[in-house]
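What follows is one structure encoded as C-alpha cells, with my remarks underneath.
Just so it is clear: chains get the letters A, B, ... in the order the sequence lines come, proteins before strands, and each one is counted from 1.
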2 protein chains.
Amino acid sequence: MEHTRTARERAREEITTEILEAARRRLASDGPANLSLRAVARDVGMVSSAVYRYVPSRDDLLTALLVEAYDELGAAAEAADDGVSDRTDVRARWTATCRAVRSWSVGHPHDYALLYGSPVIGYAAPRDTVGPATRVIVRLVGIISSAHEIGGAARPLPEGPGPSFEPSVGDATAALREVAGLDTDVPPELVGRTLMAWSTVFGTISFELWGHLVGSVSDHETYFDSVVSRLWHDLGGV
Amino acid sequence: MEHTRTARERAREEITTEILEAARRRLASDGPANLSLRAVARDVGMVSSAVYRYVPSRDDLLTALLVEAYDELGAAAEAADDGVSDRTDVRARWTATCRAVRSWSVGHPHDYALLYGSPVIGYAAPRDTVGPATRVIVRLVGIISSAHEIGGAARPLPEGPGPSFEPSVGDATAALREVAGLDTDVPPELVGRTLMAWSTVFGTISFELWGHLVGSVSDHETYFDSVVSRLWHDLGGV
DNA sequence: ACAAAACAAGAGCACTGCTCTCGAATGTTG
DNA sequence: CAACATTCGAGAGCAGTGCTCTTGTTTTGT
C-alpha cells in the first residue's frame, strides 16, 4: 500500500503541528490551567469546532503538550550530561544534569507545572506517558550507577537507618533492570536513595517556582548547587 | 461602642461559614481547579450573585480555603509532635510529625494540591498567607534544633561538600531568629539541610499523590518511613 | 415612621469545552 | 470524466463558568 502523500495529508500534518505550536505558545504564556482551545483556534485562524478535526479534546491536547515537554526536558538533561567530556567525572555529570533540569524548569515554568504540578487531567490519560517521563531519572540513575562501578568515584552505601528500602522499591529495581539492562541489580538502598534525591531535586525546583522559598532562600542558583552537591554526597559520591 | 450583635450580623457570620463549609466539601470532591462558585452557591441554596455579598471573588474563596487547610495541616503536625510523651525522644517526634503530614496529605489530596500544587491563583494573594503556611516547617525546625541541643541526640553537622549554604539561606536564618526566638542562630549547614529535608518530604508526598511513583514504589507507607528515617540521619540525628 | 444600608434574586455579558448540521473542497472509484 | 464518498471549515447552539448590574425586599439606625 505505497501511496504518495496526498495534498490533504500534507495539509493535515502541517495544520496539526501548527496547532501544537500555537498551543505550546499559549501554554508558555497562560499556563496549563488557562489553556483555551478556542484561543488556540483563534491563533491559528480557525474556528474552534474546526480544531476538533485535529485534536479530540482539550485533555488530549494537554497530553500531547505533556509528552512534548517531557521530551524537551529529557533532551536538555541528556545533552548536559553528554556535554561533560570526561565521562569518568561522574560528579560533574551529576551536577551538569541537575543544573540542566533546573535551568529548563526555570525557563519553562508553565511547562514544568504541566509535568510536575498537580495534575489538571484525569488520571487515565497521563499514564501512557510514562515513557518520555522517565528519561531524566533514567539518565540520573545511569550516572549514579556509573559512579558506583568506577573505582574511587563512590563509596558503597551502608544500609541506612530505619526500615529498609528493600520491600518498597522492588518495582523500581525491576523497571531499571528492564530499561538499563544492567547485569546485576542496583541494591535497594541505592535505588531508594536515588528516588529520594530525585524527589529532593523536584521539591527544590517546585518550591522555588511556586514561591514556597520566598523569604527563606535568596540566591536560588547557588542554593540549588548546594543541594545538588549534598545529594551527591548522600548518594555515596565523593 | 458596645453593641449587641444584630440579627443581620449573626446571619452574616452563619452564612459565611456555611459557604466556606460547602466550599471545602466541593474542594475535597472536585479539586481546586474545578471549584465552582456557582456550585457552592447551589449547595447552600443561594443564587450565585448572592454569594458575592460574602465572598469577593473565586480567588478570594480559594485563598480562604488555603488558609484553613494550612491551619488544619499545621494543627495535625503539631498534635502528632505533642503526642510524643518523651519530649527528649526527638527522633520519635520527627517521625511522628512527618507521618502526620503525609497522613493528612493522603487523606486530603485536593487540599494538599491547593497548598502545594502549581498555584491556581495569581502570585498576589497567596503571599499574605505565609503565616499559617510556616507552621509545619517551624515545628520541624523546633524538633531538629532540640535534637542538636540535647546531648547525644545528634552529632554536629560537618560542612557539606560543594558550595556552602551560608550565602543563600540567610533569610531563612533571620526568619527563624524572629519566629523561634532562639538565643543563637541556627548554623547555615543545618538550615540548608532542614530546607532540603522539607523539600524531600514535600517531593515524596507529591510524587505519591500525583502518581509519579507508579511502577516504582509499591508500599508508599513504608517507603515514606524509610525516607523519613534517612532524612533524620542526614540532619545529624542519631 | 423614615431614610439608609444590606441583601437575595434575576438578567445579562463574555468566556469556556464540546456537539451538531450544512455546504464546500478533496478524495477515490466506476 | 463523472459519480460517489470522505474530509473539512464554518456556524449555530447547549451547558457551564466568573462576574456585574439592576430591582425589589428586608433589616437597621435615626
Side-chain angles (χ1 to χ4, degrees), chain A residues 1-20 22-23 25-27 29-66 114 119-122 124-125, chain B residues 1-20 22-23 25-27 29-66 114 119-122 124-125:
Chain A
M1 210 61 131
E2 190 72 19
H3 61 354
T4 66
R5 295 197 327 161
T6 106
R8 198 161 242 171
E9 280 174 319
R10 270 189 296 113
R12 182 168 184 86
E13 277 187 32
E14 277 180 25
I15 295 180
T16 303
T17 66
E18 214 172 317
I19 289 174
L20 282 179
R25 283 193 297 271
R26 281 280 166 188
L27 171 65
S29 62
D30 303 345
N34 299 323
L35 183 109
S36 159
L37 209 142
R38 291 180 112 114
V40 173
R42 283 192 297 269
D43 290 349
V44 298
M46 280 200 285
V47 84
S48 73
S49 61
V51 178
Y52 281 88
R53 298 269 176 196
Y54 303 87
V55 174
S57 77
R58 178 181 179 273
D59 280 8
D60 289 87
L61 179 59
L62 277 174
T63 303
L65 297 179
L66 190 89
L114 177 62
V120 280
I121 326 177
Chain B
M1 208 64 125
E2 190 71 22
H3 61 356
T4 66
R5 295 198 328 160
T6 121
R8 196 159 245 171
E9 281 174 318
R10 270 188 296 112
R12 182 167 184 87
E13 277 186 33
E14 279 180 24
I15 295 180
T16 303
T17 66
E18 212 172 320
I19 290 174
L20 282 180
R25 282 193 298 271
R26 281 280 166 188
L27 170 65
S29 62
D30 303 346
N34 299 322
L35 183 111
S36 159
L37 209 143
R38 291 180 113 113
V40 172
R42 282 192 298 269
D43 290 349
V44 297
M46 280 200 284
V47 83
S48 73
S49 61
V51 177
Y52 281 87
R53 298 266 172 195
Y54 303 88
V55 174
S57 75
R58 178 180 179 272
D59 280 8
D60 290 86
L61 178 59
L62 277 175
T63 303
L65 297 179
L66 190 88
L114 176 63
V120 280
I121 326 178

Rounded distance in Å - CD1 (I15(B)) to P (dC7(C)): 8 Å

Here the distance between atom P of dC7(C) and atom CD1 of I19(B), to the nearest Å, is 11 Å

Rounded to the Å, how far apart are E9(A) CD and dG27(C) P? 9 Å

Please give, in whole Å, the distance from dG18(D) C1' to D59(B) CG? 10 Å

Nearest nucleotide by nearest heavy atom, which residue falls closer to the 5' end of DNA chain C, S49(B) or P56(A)? S49(B)

So, under a plain 3.5 Å distance rule, would you say the side chain of T6(A) forms a donor-acceptor pair with the base of dG27(C)? no

To the nearest Å, give me how far apart OH (Y52(A)) and P (dT21(C)) are. 17 Å

Figure out the OH/C1' separation between Y54(A) and dG9(D), and round it to whole Å. 8 Å

Hydrogens and angles aside, do D60(B) and S57(B) bring a side-chain donor and acceptor to less than 3.5 Å of each other? yes

What is the distance from CG of L62(B) to P of dT17(D), rounded to the nearest Å? 14 Å

Tell me which nucleotide among dC18(C), dG10(C), dA8(C) gets nearest to the side chain of A50(B). dA8(C)

Between dG10(C) atom P and M46(B) atom CE, what is the distance in whole Å? 13 Å

Using heavy-atom distances to pick each residue's nearest nucleotide on DNA chain D, tell me which of R53(A) and S48(A) is more 5'. R53(A)

Among residues 30-39 of chain B, which contact DNA chain D at a heavy-atom distance under 4.0 Å? L35(B), S36(B), L37(B), R38(B)

Determine the sole option in R38(B), R25(B), R26(B) for which the salt bridge (charged side-chain N to carboxylate O under 4.0 Å, His left out) test with D43(B) is passed. R26(B)

Quick one: does R8(A) reach the base of dA25(C) with a side-chain donor-acceptor pair under 3.5 Å? yes

Nearest 0.5 Å please: distance from the CD atom of E18(A) over to the CE atom of M46(A). 7.0 Å

Of the candidates dG9(D), dT16(C), dT20(D), the side chain of R42(A) sits closest to dT16(C)

Single hit among V44(A), L61(A), I15(A), T17(A) for side chain to side chain contact (heavy atoms under 4.5 Å, CB included) with Y54(A): I15(A)

